[in-house]
Asker: 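Below you will find the structure I want to go over with you.
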2 protein chains.
Amino acid sequence: MQTDSLLKRNGLSVTESRKKILQLFLEGSGALAHGDIEKKAGEKFDRVTVYRTLQTFVDKGIIHTIPSADNSIRYALCKDECSEGHHHDHHIHFECSICHTTYCLDDVVTPQINLPKGYVAGHVEVVVEGVCKNCK
Amino acid sequence: MQTDSLLKRNGLSVTESRKKILQLFLEGSGALAHGDIEKKAGEKFDRVTVYRTLQTFVDKGIIHTIPSADNSIRYALCKDECSEGHHHDHHIHFECSICHTTYCLDDVVTPQINLPKGYVAGHVEVVVEGVCKNCK
DNA sequence: TTTCTTTTGCAACAACGTTGCTTTTTTATA
DNA sequence: TATAAAAAAGCAACGTTGTTGCAAAAGAAA
């Protein structure tokens with residue numbers, strides 16, 4: 001099973017909730033917010049478990065967070081380069097203003113930004129809002 | 001008074017709370033989260049008033065929101081080009097990972113992003129995380 | 001000043017997120 | 001495969017954040 005090996009590879013014990021939540025990320029195309037997961041998991045798990053599982057996955061580099069301007073952080077699967085305590089999500093994110101799906105555009109890398117003197121750049125987040133290919 | 005005319009120019013009645021909150025934005029350099037405002041306004045206003053005032057300011061194009069990955073939207077003053085229902089904040093934002101101040105870098109415009117076929121870009125948000133000039 | 005309109009504050013509530021602790025599940029090991 | 005140790009889940013309780021309806025207060029207009 002795909003989920004089992006992914007969990008084991010990251011040094012996590014294999015539990016029902018972790019498998020289920022990971023499955024949701026693997027089968028869906030878009031990013032998921034905490035609320036989406038609670039709904040899709042079908043009242044099967046406690047809210048607390050969902051919070052803790054998401055946190056664990058972020059810590060292990062299995063998923064990453066996507067910033068938003070509406071106070072609802074979304075999460076999406078990381079590609080292979082991520083590992084514990086070290087995210088490498090150099091791609092940009094796209095939010096469809098019609099269907100509200102959030103996509104990781106893995107092939108579009110974040111641009112180089114020229115900052116004013118004195119500022120040192122670390123991580124760059126780019127979120128593009130617009131209309132996705134399914135909603136045109 | 002600066003605040004009064006700014007409010008009037010935007011068709012808003014001049015009230016104590018609006019003046020005070022606007023003042024906070026005018027005198028500070030960084031962006032403010034709802035919580036910051038509640039603290040700085042010194043228990044003078046009801047939480048609800050702060051929420052409603054911020055919403056009103058956003059609607060009128062006086063302030064704009066800055067997305068974040070930590071569930072705490074920040075707000076900052078718009079430049080003159082913004083108006084009701086029409087924000088023009090084409091600048092990028094910078095979050096210092098040491099002092100946690102969020103700056104609007106008004107002179108750095110958002111880059112052009114090449115999206116995959118089928119995606120139509122609307123607004124582009126760029127948030128750079130790093131070390132600011134005061135914390136180096 | 002008086003009237004009308006807008007905004008504020010309050011109360012109540014709903015959603016979101018966290019923590020400590022007990023029970024259950026998973027893992028490791030015999 | 002049975003058992004002990006470790007890890008995770010569930011539960012309850014709580015604090016914070018954000019929303020709504022309505023009465024009281026403040027601001028605008030005349």
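Both backbone and side-chain heavy atoms feed into the values below; hydrogens, waters and symmetry mates do not.
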Asker: Examine the side chains of A:His93 and A:Glu95 and answer whether a donor and an acceptor come within less than 3.5 Å of each other.
Answerer: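 No, A:Glu95 and A:His93 have no side-chain donor paired with an acceptor closer than 3.5 Å.
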Asker: Can you find a side chain N or O atom of B:Thr15 that sits less than 4.0 Å from OP1 or OP2 on C:dT7?
Answerer: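 Indeed not, no polar side-chain atom of B:Thr15 lies that close.
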Asker: Tell me whether the side-chain N/O atoms of B:Thr49 come closer than 4.0 Å to OP1 or OP2 in C:dG9.
Answerer: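 It does, given that an N or O in the side chain of B:Thr49 lies less than 4.0 Å from OP1 or OP2 of C:dG9.
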Asker: Which whole-number value in Å describes the distance from B:Glu16 CD to C:dG9 P?
Answerer: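 One finds 10 Å between P of C:dG9 and CD of B:Glu16, rounded.
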Asker: Where the side chain of A:Arg74 meets the backbone of A:Thr65, is there a donor-acceptor pair that is under 3.5 Å apart?
Answerer: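 Between the backbone of A:Thr65 and the side chain of A:Arg74 there is no qualifying donor-acceptor contact (under 3.5 Å).
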Asker: Can you check side-chain contact (heavy atoms from CB on, under 4.5 Å) on A:His64 and A:His91, steps first, answer last?
Answerer: CA-CA 11 Å; A:His64 61 275; A:His91 60 276; 3.3 Å; yes
Asker: To the nearest Å, give me how far apart CD1 (A:Ile37) and P (C:dC16) are.
Answerer: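 Answer to the nearest Å: 13 Å.
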Asker: If you measure from CD1 on A:Ile62 to OG1 on A:Thr3, what distance do you get to the nearest 0.5 Å?
Answerer: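 The OG1 atom of A:Thr3 is 11.0 Å from CD1 of A:Ile62, to the nearest 0.5 Å.
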Asker: Considering only heavy atoms, which members of residues 17-27 of chain A lie under 4.0 Å from some atom of DNA chain D?
Answerer: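 Contacts with DNA chain D under 4.0 Å: A:Ser17, A:Arg18.
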Asker: Rounding to an integer number of Å, can you tell me how far B:Phe45 CZ sits from C:dC10 P?
Answerer: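 Result: 12 Å.
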Asker: Can you measure A:Leu54 atom CG to C:dC16 atom C1' for me and round it to whole angstrom units?
Answerer: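 It is 13 Å, rounded to the nearest whole Å.
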Asker: Check ring-ring contact (aromatic ring centres under 6.0 Å, His included) between A:Tyr119 and all other residues, then give those that pass, not counting sequence neighbours.
Answerer: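 Result, ring-ring contact (aromatic ring centres under 6.0 Å, His included) vs A:Tyr119: B:Phe94, B:Tyr103.
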Asker: Rounded to whole Å, how long is the line connecting atom CG of B:Asp46 with atom C1' of C:dG9?
Answerer: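 B:Asp46 atom CG is separated from C:dG9 atom C1' by 5 Å.
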Asker: Out of D:dG18, C:dC10, C:dT27, which has the shortest distance to the side chain of B:His34?
Answerer: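 Among D:dG18, C:dC10, C:dT27, the one nearest the side chain of B:His34 is D:dG18.
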Asker: Heavy atoms from C-beta onward define the side chain here; which of C:dC21, C:dA11, D:dA28 lies closest to that of B:Ser13?
Answerer: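 Per side-chain heavy atoms of B:Ser13, the pick is D:dA28.
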Asker: Please indicate whether A:Lys19 has more than 12 foreign heavy atoms, meaning atoms of other residues, nucleotides or ligands, lying under 6.0 Å from its NZ.
Answerer: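 Above 12, so yes.
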Asker: Among residues 60-74 of chain A, which ones have heavy-atom contacts with DNA chain D below 4.0 Å?
Answerer: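 Residues of residues 60-74 of chain A under 4.0 Å from DNA chain D: A:Asn71.
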Asker: Does CD belonging to B:Gln2 count more than 12 external heavy atoms closer than 6.0 Å?
Answerer: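 No, CD of B:Gln2 has 12 or fewer neighbouring heavy atoms, counting only those of other groups under 6.0 Å.
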Asker: Counting only heavy atoms not in B:Gln112, do more than 12 fall under 6.0 Å of its CD?
Answerer: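 For B:Gln112, atom CD is not crowded (no more than 12 foreign heavy atoms under 6.0 Å).
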Asker: Apply side-chain contact (heavy atoms from CB on, under 4.5 Å) to residues A:Ile73 and A:Tyr75 and explain how you reach the verdict.
Answerer: CA-CA 7 Å; A:Ile73 295 177; A:Tyr75 301 85; 4.0 Å; yes
Asker: Would the base of D:dG10 count as contacting A:Arg47 through its side chain, where contact means a donor and an acceptor less than 3.5 Å apart?
Answerer: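 Result: no qualifying N/O pair found.
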Asker: Of A:Arg52 and B:Leu12, whose nearest nucleotide on DNA chain D comes first from the 5' end?
Answerer: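 Closer to the 5' end of DNA chain D: A:Arg52.
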Asker: Whole angstroms only, please: what is the OH-P distance between B:Tyr75 and D:dT17?
Answerer: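 After rounding, the gap between these two atoms is 13 Å.
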Asker: For A:Asp59 and D:dA7, give me the distance from atom CG to atom P, rounded to whole Å.
Answerer: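 Atom CG in A:Asp59 sits about 15 Å away from atom P in D:dA7.
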Asker: Atom CD of A:Gln55 to atom C1' of D:dA9: distance rounded to whole Å?
Answerer: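 These atoms are roughly 17 Å apart.
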Asker: Identify which nucleotide among D:dG27, D:dA9, D:dT19 has an atom closest to any side-chain atom of B:Tyr51, counting heavy atoms from C-beta outward.
Answerer: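 Ranking D:dG27, D:dA9, D:dT19 by closest atom to the B:Tyr51 side chain puts D:dT19 first.
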Asker: Run the side-chain contact (heavy atoms from CB on, under 4.5 Å) check on A:His123 and B:Ser97 step by step: do they pass?
Answerer: CA-CA 10 Å; A:His123 184 72; B:Ser97 49; over 6 Å; no
